[in-house]
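In what follows, a structure is listed as structure tokens, so that the remarks can point back to it.
Order of appearance sets the numbers: ligands from 1, and atoms from 1 within every ligand. Positions are given from 1 along the sequence.
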Amino acid sequence: MATQIEARSIRDEDVLRAMRTVPRHLFVPEEWRARAYEDRPLPIGAGQTISQPYIVAYMTSALGAVEPRCRRVLEVGTGCGYQSAVLAELVDRVFSIELTDELAAAAEARLRALGYDIELRVGDGGEGWPEAAPFDGIIVTCAAPSVPPALVDQLAPGGRMVIPVGSDPERQELLLITKDARGLIEREALLPVRFVPFRRPE
Ligand code: SAH
């Protein structure tokens, strides 16, 4: 799988190493295990998906492409916990929020069994995690109609956020939001993507 991703221009050695280390097949339902290393998204239950390896690698490198590397990262949309595990291979502390109880519980059990020490919370990621803020990096793995202001607030000076934005379920824009040392925000469109929607709590 790392070779496939390398072939698609991910050159960040640390990210490639992290992706080689995390056993992706243990994050997908049993019936999909044989296809876990294909470069495609797969169903993980509750109508959600694990992102394709290329997108995980791309977002992870976009988050930490500049030195110094992120130390504390917030993920919105834990899903099966795969992206959280990849991040845990690279940064000091990972915080991840999932809206669906069932997915959060399964991810927690799985990550614990694999020895990952990740802070997990069930709730609306749109509010961020104020008590643990600020974050050097924020990664959102569901598509929001616009960038949640709480997440921008919780980004540290010099921090980077990668987030798919757009209301079209078929195509959104992956944005890189950066906050400079003075708190100035800039946004850059990276590439068109297709993510499951960011949902509001009922
Ligand atoms: N990073 C995940 C991708 C999961 S898909 C992985 O590696 O598997 C996106 C996830 O975002 C889904 O599990 C969905 O339930 C969750 N989600 C959707 N809206 C959310 C919200 N408002 N807050 C937190 N999680 C949300």
Task: Shell of residues surrounding ligand 1, defined by a 4.0 angstrom heavy-atom cut-off that is strict - done: Q48, T49, I50, E75, V76, G77, T78, G79, C80, Y82, Q83, I97, E98, L99, T100, L103, G123, D124, G125, T141, C142, V196, P197, F198, R199
TODO: Please determine if E127 and R121 form a salt bridge, counting it only when a charged side-chain N lies under 4.0 Å from a carboxylate O.
DONE: no
Open item on the list: Looking at every non-hydrogen atom in both residues, tell me the closest pair between G79 and E98 and how far apart they are.
Closed with: N-OE1, 2.8 Å
Task: Salt-bridge present (R93, D117; N to O < 4.0 Å) - done: yes
- [ ] Give the minimum heavy-atom separation between Y37 and V22, together with the two atoms involved.
- [x] OH-O, 4.5 Å
Task: Pair R17 + E13: basic N to acidic O under 4.0 Å - done: no
- [ ] Among Ile, Leu, Val, Met, Phe, Trp and Tyr joined by side-chain contacts under 4.5 Å, find the other residues sharing a cluster with I177 and list them by chain and number.
- [x] L74, V76, F95, I97, W129, F135, I138, V140, V147, L151, V152, L155, M161, I163, V165, L175, I185, F198
